[in-house]
Amino acid sequence: MIEFEGVSKTYPDGTTAIEQLDLVVPSGSLTVFVGPSGCGKTTSMRMINRMVEPTTGRILVDGEDIAAVPTVRLRQSMGYVLQGAGLFPHRTALDNAATTLRLTGMSRAEAREKARDALRLVRLRPELDDRFPSQLSGGQQQRVGVARALAADPPVLLMDEPFSAVDPVVRAELQAELLHLRKTLSQTIVFVTHDIDEALLLGDRIAVFGPGGTVHQYAKPQTILERPADSFVAQMVGRDRGFRSLGFQTDDLPVHPLGERDAQGAVTAHSSEGHSAEGPWRLLLDEEGGPVAWLRGESRIPAGEGHVAGAGLRSALDAVLASPADAAVVVDEGRAVGWLDRNAVLRALSVPEDRS
Ligand SMILES: Nc1ncnc2c1ncn2[C@@H]1O[C@H](COP(=O)(O)OP(=O)(O)OP(=O)(O)O)[C@@H](O)[C@H]1O
Ligand SMILES: [Mg+2]
């Protein structure tokens, strides 16, 4: 657990970066600091590992005032991922990943072995281990940066805009991997970003920082979307926050079984017989049972990824709206396992939610 108690920071030139910050980061959570440029996110994060010292107030980690903890010991317990990866240009990916371990006095061989494990954890391909940063893509460099922070298995991970320097596709990949990693890791993570969508996707809790270094709201993503504390937060989350908040509403919609495969390998995946002379839509599956396309007469419409059962109303709504049939495919680990009725999804949307 990381606690900020009345923490302020004024730099020597008089700039107040943070004003009276009170905030608790629960153990094992991923807490996101989000906000526009210059509102003190990096300053707040750096105070956690004492790269910046507070002007007033104190920070406790697991109940211990960090002002009394030697910085070397403190930093060994905290991985730090910098924006743009911050790799050493003259060290290979593997040696970069081994850096923090070497600092703890571990032998080169052992450090490299652990670094290799960390690189596999972030899914860098082994043949890239011996490349230098300039020979890696931006996304690969970021993976090495995350591996370096993870290699020593520190209880706290500080990530300052780790994915901001890569394109949206790679960024989405890295985000998905961080979510995946979290299922196996127990670290307490503080994650800084400008991007409210990234915050809503990754955060268990989100602190919305505003100009002048004040936190406007600190809450779960769903609360931020449904009940923004003020107009600043409402503006941050943007226009379609109502739609996006559906992502946090679980669905317990009935999943109907698929029909038998026909000669083409297609199945019936809805109840209506179709409203056209061409008959009903059929869902074509691949050999593994993954959805490929909706078929009817000459029409063939890619099936998309479908809806993962329980993934929330936003996903269910998107899947039914994207489907040409009156149904959406339900998938489990990529395989079609059933279908959802469009009207059932629409009815679920119209039921007033109890938000008390
Ligand atoms: N070493 C420093 N000396 C003086 N002012 C500083 C220093 N570091 C940061 N600041 C100022 O403190 C304020 C907060 O900076 P900080 O880097 O914490 O913001 P940020 O929210 O991380 O911004 P960004 O999103 O652009 O990274 C800014 O006004 C910045 O100019
Ligand atoms: Mg910053």
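Just so you know, ligand 1 is whichever comes first in the structure, and atom 1 is the first atom listed for that ligand. Quick note: residue numbers are just sequence positions, from 1.
Note on R73 versus E64: salt bridge recorded, some NZ/NE/NH1/NH2 to OD/OE distance being below 4.0 Å. A salt bridge does not link K220 to D204: none of the charged nitrogens lies less than 4.0 Å from a carboxylate oxygen. Note on R335 versus D286: no salt bridge recorded, every NZ/NE/NH1/NH2 to OD/OE distance being 4.0 Å or above. Under a 4.0 Å N-O distance rule, the pair D195/R171 qualifies as a salt bridge.
Between the side chain of D22 and the main chain of G6, a donor-acceptor pair closer than 3.5 Å is present.
Closest to atom 26 (O) of ligand 1 among all protein heavy atoms lies S37 OG, 2.5 Å. Closest to atom 9 (C) of ligand 1 among all protein heavy atoms lies Y11 CE1, 3.4 Å. Scanning the protein for heavy atoms near atom 25 (O) of ligand 1, the closest one is K41 NZ, 2.7 Å. Closest to atom 15 (O) of ligand 1 among all protein heavy atoms lies T43 OG1, 3.8 Å. Of all protein heavy atoms, the one lying nearest to atom 17 (O) of ligand 1 is T42 CB, 3.7 Å. Among all protein heavy atoms, the one lying closest to atom 31 (O) of ligand 1 is T15 CG2, 4.7 Å.
Contact annotation for atom 13 (C) of ligand 1: protein present (non-hydrogen atoms, distance under 4.0 Å). Under the 4.0 Å distance rule, the nearest protein heavy atom to atom 29 (O) of ligand 1 falls inside the cut-off.
Checking only distances, G40 does come within under 3.5 Å of ligand 1, N or O to N or O. An N or O contact shorter than 3.5 Å links G38 to ligand 1 by distance. Residue contacts with ligand 1: S44 is placed with no nitrogen or oxygen under 3.5 Å of a nitrogen or oxygen of the ligand (distance criterion only).
Judged by the shortest distance from any of its heavy atoms, E161 lies inside the 4.0 Å radius around the atoms of ligand 1.
When distances to the Mg ion (ligand 2) are checked against a cut-off of 2.8 Å, M45 contributes no N, O or S atom below that limit.
Close approach to H194 involves these atoms of ligand 1, each under 4.0 Å from a residue heavy atom: 25 (O). Using a 4.0 Å cut-off to heavy atoms of A17, the atoms of ligand 1 that qualify are 12 (O), 13 (C), 14 (C).
Relative orientation of the F33 and F209 rings is tilted, given thresholds of 30° and 60° on the angle between their planes.
Tested against R112 for a salt bridge (charged side-chain N to carboxylate O under 4.0 Å, His left out), the candidates D129, D117, D95, D130 yield a single pass: D95. Of the candidates I224, L225, L30, I206 forms a side-chain contact (heavy atoms from CB on, under 4.5 Å) with just one, namely I224.
With a 4.0 Å heavy-atom cut-off, ligand 1 is reached by the side chain of D13 but not by its N, CA, C or O.
Here the closest heavy-atom approach between residue R261 and residue E287 is recorded as NH2-O, 4.2 Å.
In this structure, R205 is positioned above the aromatic face of Y218, its NZ or CZ under 6.0 Å from the six-membered ring centre and within 45° of the axis.
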